[in-house]
Amino acid sequence: MNLHAKLLERQASGRPIRIGLIGAGKFGAMYLHQVLRTPGVHLVGIADLSPARARENLSRVGWRAEQFAASSLDDALKTGTTFLTDDWEALVKCDGIELIAECTGNPVAAVEHCLGAFAAGKAVVNVTVEADAFCGPILAQKARQAGVIYSLAYGDQPALACDLVDWAKACGFPVVAAGRGHKWMPHYRESTPETVWDHWGLTAEQAARGGMNPKMFNAFLDGSKPAIESAAIANATGLQAPSQGLAFPPGSVDDIPTLMRLRSEGGVLESKGQVEVVSCLTIEGKPIPNDIRKGVWVCFEGDSEYIRNCFQEYSVVTDPSGRYMSSYKKWHLIGLELGISVASIALRKEATGVATTFNADVAATAKKDLRVGDTLDGEGGYTVFGKLTPASTSLAKGYLPLGLAHNVRLTRPVAKDACITWADVAIDETLPAVRVRREQEAFYASAATRRVG
């Protein structure tokens with residue numbers, strides 16, 4: 001509340017929030033449209049591997065050529081315009097910029113961008129949740145050490161789910177479960193970029209016309225993206241990952257309180273306080289009316305007779321016992337909502353979701369029998385999907401995180417549906433993303449040892 005009023009104050013005082021954007025693809029383009037309509041914000045620079053593509057996207061979403069005609073970052077600061085570049089390091093080092101939005105979708109590059117921004121004293125909104133899923137806790141720690149803020153991106157489902165969990169806890173409700181919706185059938189696990197559109201409900205021609213990336217959309221379909229986003233939610237809220245991975249129970253929004261109970265009570269949870277994903281399809285593959293596919297939810301408990309009576313008196317939807325209730329946001333608007341993160345960080349010094357612990361991980365898991373010499377192609381590809389797992393299990397078994405399973409060669413065969421381990425691959429240990437992940441693993445392994453001791 002009051003963010004818009006505070007933005008107007010910044011505009012009136014001539015002190016706009018000055019930001020830089022790395023990556024002007026789909027998510028970035030959505031924000032580019034909205035930032036033109038947002039008072040008190042100046043997008044100083046955009047760094048993209050293809051400035052020409054960035055120019056095309058700017059024009060497509062309504063920018064006039066003179067608005068991004070700055071000849072340099074200094075010129076942009078002086079004139080209130082925007083500078084395009086392929087030099088992300090220059091962008092994060094620009095003294096006039098206070099916040100960086102990382103929108104590349106490339107998890108390995110995103111880690112390097114975040115670290116560079118921290119070193120330059122810049123806050124970061126990390127849209128690339130794939131990076132947060134495997135090293136968000138250590139990135140958050142490094143941001144604190146640098147005296148800056150690191151945050152999930154509002155508009156993506158993890159930050160929206162974190163908002164609902166925070167609401168429930170701040171109201172005094174015990175949180176039983178939280179998560180997002182999805183379109184799910186078990187055989188989607190095997191989907192590849194060649195089969196994604198048949199499952200999605202589009203023809204290849206329709207997808208091509210819309211400029212839709214089959215690998216990216218397949219990452220949603222095969223369960224990788226739900227696992228990634230569930231890990232981010234768990235690590236930011238303190239909820240746990242199911243020991244056997246996501247169950248994807250089918251249901252409508254009104255079914256959530258009934259589904260999100262302990263198994264002994266007729267639900268799907270092995271324990272209270274977990275992340276989960278609700279499917280919009282029945283087990284036969286039929287659409288469920290009033291679904292939560294595009295949204296997020298939190299399920300909480302009426303743990304006193306008084307609260308349960310209130311549920312009844314106000315005629316809210318509960319489980320049959322009247323003990324569990326849910327709240328939800330049925331839609332998320334992706335990059336169109338990113339401005340909430342920008343305003344929250346700059347004006348309130350508050351993240352819109354940030355990892356506080358390492359409870360959940362996403363293990364790279366074989367889509368088919370893999371042979372020595374095969375190259376892993378990351379989420380949404382032909383070789384692996386992501387499986388949500390407790391971080392303690394991942395650490396104990398040495399699972400390779402999905403976010404690092406890109407262009408990595410196998411040195412040992414891996415059977416279909418088996419989780420791939422660090423010992424199964426040849427990986428460049430000098431990459432910043434690998435080093436940071438290794439640092440996170442060492443920190444939490446030693447923390448577990450201290451607890452045992």
Side-chain angles (χ1 to χ4, degrees), residues 16-38 41-92 94 97 99-110 112-113 117 124-131 153 155-156 193 196-197 200 202-220 225 332-339 341-342 378 380 406:
I17 302 167
R18 294 186 171 93
I19 67 173
L21 180 74
I22 305 179
K26 176 61 174 175
F27 195 110
M30 296 178 83
Y31 179 62
L32 289 173
H33 182 275
Q34 295 304 100
V35 74
L36 286 177
R37 301 158 176 252
T38 308
V41 179
H42 176 199
L43 179 57
V44 177
I46 301 169
D48 194 282
L49 292 175
S50 173
R53 183 189 67 167
R55 289 188 185 92
E56 291 175 3
N57 280 341
L58 284 163
S59 298
R60 182 170 56 85
V61 301
W63 284 56
R64 301 187 309 275
E66 62 268 24
Q67 292 176 302
F68 54 92
S71 59
S72 66
L73 290 168
D74 286 340
D75 182 40
L77 287 167
K78 292 174 183 176
T79 61
T81 56
T82 300
F83 177 61
L84 275 70
T85 179
D86 59 2
D87 187 351
W88 70 266
E89 291 181 283
L91 187 72
V92 302
C94 176
I97 292 174
L99 185 151
I100 296 293
E102 209 298 330
C103 300
T104 65
N106 182 325
V108 173
E112 188 173 2
H113 299 159
V124 173
V125 182
N126 186 14
V127 173
T128 306
V129 69
E130 296 86 351
D156 259 353
V196 60
W197 303 128
W200 202 268
L202 294 175
T203 66
E205 291 74 19
Q206 288 171 325
R209 181 187 64 200
M212 300 168 73
N213 182 333
K215 191 170 186 284
M216 182 189 73
F217 277 83
N218 197 52
F220 285 92
K225 188 71 80 169
H332 70 298
L333 296 178
I334 320 173
L336 300 180
E337 298 182 77
L338 184 60
S341 289
V342 172
H406 294 253

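For residues 49-62, the pairs satisfying salt bridge (charged side-chain N to carboxylate O under 4.0 Å, His left out) are Asp48-Arg53, with sequence neighbours left out. Sorted by first then second residue, the ring pair (Phe, Tyr, Trp, His ring centres under 6.0 Å) pairs that include residues 17-38, not counting sequence neighbours, number zero.
Between Leu338 and Gln34, the closest side-chain pair of non-hydrogen atoms is not below 4.5 Å. In this structure, the side chains of Leu58 and Ile46 come closer than 4.5 Å at one or more pairs of heavy atoms. Proximity of Lys26 to Asn213: side-chain heavy atoms (C-beta onward) are nowhere separated by under 4.5 Å. Two residues are said to be in side-chain contact when any heavy atoms from C-beta on lie closer than 4.5 Å; Thr38 and Val342 fail this criterion. The shortest side-chain heavy-atom distance between Leu32 and Leu43 falls under the 4.5 Å cut-off. Counting heavy atoms from C-beta on, the side chains of Thr82 and Trp63 come closer than 4.5 Å.
Heavy-atom minimum distance, Gly45 versus Leu73: CA-CD2, 4.0 Å. Smallest separation of non-hydrogen atoms from Ala131 and Asn126: CB-ND2, 4.1 Å. Counting all heavy atoms, side chain and backbone alike, Asp156 lies closest to His332 at CA-CD2, 4.3 Å. The shortest non-hydrogen separation linking Pro193 to Lys215 is CG-CA, 4.2 Å. The minimum heavy-atom distance between Ala117 and Val124, with the atom names listed, is CB-CG2, 3.4 Å. Summarising the geometry of Gly23 relative to Cys103, their closest heavy-atom pair is O-CB, 3.5 Å, with the distance given to 0.1 Å.
By the side chain to side chain contact (heavy atoms under 4.5 Å, CB included) test, Ala109 is found to be paired with Asn106, His113, residues two or more places apart in sequence or in another chain being considered. Partners of Leu49 under the side chain to side chain contact (heavy atoms under 4.5 Å, CB included) rule, at least two apart in sequence or in another chain, do not exist in this structure. Residues passing the ring pair (Phe, Tyr, Trp, His ring centres under 6.0 Å) test with Phe220, sequence neighbours excluded: none.
No side-chain donor-acceptor contact under 3.5 Å links Gln206 to the backbone of Leu202. His42 places a side-chain N or O within 3.5 Å of a backbone atom of Thr81 that can act as its donor or acceptor partner. Counting only distance, with no hydrogens or angles, the side chain of Asn57 and the backbone of Ala29 share no donor-acceptor pair below 3.5 Å.
Summarising the geometry, atom CD1 belonging to Ile97 is positioned 13.5 Å from atom CD1 belonging to Ile17; distances are rounded to the nearest 0.5 Å.
Phe217 and Trp197 have tilted rings, their planes meeting at an angle from 30° to 60° on a 0 to 90° scale.
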Taking only distance into account, with no hydrogens and no angle test, what donor-acceptor pairs under 3.5 Å do side-chain atoms of residues 84-92 form with protein atoms, sequence neighbours excluded?
unit_1: Thr85; atom_1: OG1; unit_2: Asp87; atom_2: N; d: 2.9
unit_1: Asp87; atom_1: OD1; unit_2: Glu89; atom_2: N; d: 3.2
unit_1: Asp87; atom_1: OD1; unit_2: Ala90; atom_2: N; d: 3.1

